[in-house]
Structure formats: structure tokens, C-alpha cells
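So the structure is just underneath, and the comments pick up after that.
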Amino acid sequence: HNGSLKLIADHPRFRDAKIGIIVSSVRALQIFLRRASKLDRMPDYIIVEGPLAGGHLGFGEDWREYQLVNIVQEVLLFMKEQELNIPVIPAGGIFTGTDATEMLKLGAGAVQVATRFTVTEECGLPAKVKQTYFAAGEEDVIVSQVSATGYPIRLLTSSPCLGSNIK
């Protein structure tokens, strides 16, 4: 949220805590950075989330038209042009080691991988949910408008929220 930094600016640890942001475009990044510069508190890292992320997507109905690699390249170019040395971390669509390596070769500081770890022993999800994730195929993943955020949400077809009348 663009106003988040202002909400915490008077906290004694405002300059000490690591602050990361999640954006899905250079435009969103520019808006955040303008506001952050007014508070003289730039983020410590930037997560660039693509349209294949799980959960809420920072895209509209046209999410299929975007590719994580293109967004990351645009963000990295913008960062270089602005001479900003803030790590860029791609997320949402990093499925293999090759995917991760390609992002690092582009200049990413790291990659964020989440969904792949939902089935691990360390994950706190119930065993039944883990098995549902583990057994799911590409055909079991959909993008829906059930989210109250107004943005599409990527979820499994077996998600209980799809059967409810609550947005």
C-alpha cells in the first residue's frame, strides 16, 4: 500500500527495520519510490511479482498478457537508469532451478519461491491441504474474481472460497 510508510514513519525503528515492497510493474514502483523519497526512506528490497503468482495478482483481467521475465527486465532497466542500488527479487512463476538461474543472470538479487514449498514438512499447512497441493495439476489452478481486493486471485479449483457467496 502506497501510504504504508507514512503510517509508520514516526516509529523509532522506522530507519532500522528492513522494508520490502511488492510491485507488478515499473509504474507501480515509480509511484512507491516517489512517496518513499518524500520520507527519505527507500525500500531495502523490491519484489517483482508476475502474473503466475499464487494468491492475489497485481493485474487485471489482462494478466495473461504479462510475463515475469519482461517485467523484471523493465524494472532492472529502470533501477539502472535511476542509479538505484536496491535488490530486485522476482516472484510468481519461478518453478525450476533453471527459472531461478535465468533471473539471477538478468541481474536479480535473489528469487522468491513459495508455492513449491507448501508441500514440505516444514510448512504449517494441514496434511490434507498439502496433499491437495501435491496432487494438483495445471488444470486444477484457476484465476478467479472472488477476491475482495478487486484483483484476480490464483487458486486451486477445490478452494472453499469458490463455493461461498462471500467475496
Side-chain angles (χ1 to χ4, degrees), residues 1-63 66-95 99-100 103-104 106-120 122-126 129-130 133 143-156 159-161 164 166-167:
H1 183 268
N2 285 326
S4 299
L5 286 182
K6 191 173 183 180
L7 291 172
I8 61 171
D10 62 347
H11 193 281
R13 293 185 56 209
F14 180 64
R15 306 258 170 229
D16 302 325
K18 296 292 182 191
I19 295 176
I21 62 168
I22 301 173
V23 296
S24 296
S25 67
V26 169
R27 183 177 173 272
L29 177 59
Q30 289 170 327
I31 292 168
F32 184 92
L33 293 179
R34 268 196 304 274
R35 292 187 180 184
S37 67
K38 290 177 184 176
L39 295 170
D40 193 31
R41 181 60 170 94
M42 298 303 253
D44 296 290
Y45 59 94
I46 300 163
I47 296 175
V48 178
E49 195 169 78
L52 298 181
H56 293 113
L57 307 180
F59 300 88
E61 294 279 344
D62 61 348
W63 63 269
Y66 297 91
Q67 299 290 322
L68 177 62
V69 66
N70 296 339
I71 302 166
V72 169
Q73 287 173 324
E74 291 169 6
V75 167
L76 288 169
L77 179 61
F78 170 79
M79 299 296 286
K80 185 176 182 178
E81 289 170 351
Q82 298 299 310
E83 298 180 3
L84 294 171
N85 190 22
I86 303 169
V88 172
I89 303 170
I94 311 290
F95 299 119
D99 294 338
M103 292 297 176
L104 295 173
L106 287 176
V111 295
Q112 177 178 297
V113 181
T115 304
R116 292 289 185 252
F117 294 105
T118 58
V119 297
T120 64
E122 295 80 7
C123 180
L125 288 173
V129 175
K130 290 181 187 182
Y133 268 88
V143 173
S144 172
Q145 292 294 328
V146 299
S147 173
T149 65
Y151 288 107
I153 184 170
R154 181 177 309 287
L155 66 165
L156 294 176
S159 174
C161 73
S164 76
I166 301 170
K167 195 166 190 178

Can you check whether Ala53's main-chain N or O pairs, donor with acceptor, with Arg154's side chain at less than 3.5 Å?
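Side chain of Arg154 to backbone of Ala53: a pair is present.
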Side chain Ser37, main chain Asp40, donor-acceptor under 3.5 Å:
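No, Ser37 side chain to Asp40 backbone: no donor-acceptor pair under 3.5 Å.
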Who pairs with [X] by side chain to side chain donor-acceptor pair (under 3.5 Å), at least two apart in sequence or on another chain?
| X | result |
| --- | --- |
| Tyr151 | none |
| Glu81 | none |
| Asp99 | Thr96 |
| Asn85 | none |

With [X] via side chain to side chain contact (heavy atoms under 4.5 Å, CB included) - residues at least two apart:
| X | result |
| --- | --- |
| Val129 | Leu125, Pro126, Tyr133 |
| Leu76 | Val72, Val88, Leu106 |
| Asp16 | Arg13 |
| Ser144 | Ile142, Val146, Ile153, Leu155, Leu162 |

Please set out all donor-acceptor pairs under 3.5 angstrom arising from side-chain atoms of residues 107-120, sequence neighbours excluded.
residue, atom, partner, partner atom, Å
Thr118, OG1, Thr115, O, 2.8
Thr120, OG1, Phe117, O, 2.9
Thr120, OG1, Cys123, N, 3.4

Do you know which two heavy atoms are closest between [X] and [Y], and how far apart they sit?
| X | Y | value |
| --- | --- | --- |
| Gly50 | Phe59 | C-CE1, 3.5 Å |
| Pro51 | Ile71 | CD-CD1, 4.4 Å |
| Leu68 | Gly92 | CD2-O, 3.5 Å |
| Phe78 | Leu29 | CD2-CD2, 3.8 Å |
| Leu5 | Ala36 | CD1-CB, 3.7 Å |

Can you find a heavy atom in the side chain of [X] that is under 4.5 Å from one in the side chain of [Y]?
| X | Y | result |
| --- | --- | --- |
| Ile47 | Ile21 | no |
| Pro90 | Val69 | no |
| Ile86 | Pro43 | yes |
| Val48 | Ile46 | yes |
| Lys6 | Lys38 | no |

Name all pairs fulfilling the salt bridge (Lys or Arg N to Asp or Glu O under 4.0 Å) condition that reach into residues 41-52, sequence neighbours left out, sorted by first residue then second.
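Pairs touching residues 41-52 that pass the test: Arg41-Asp44.
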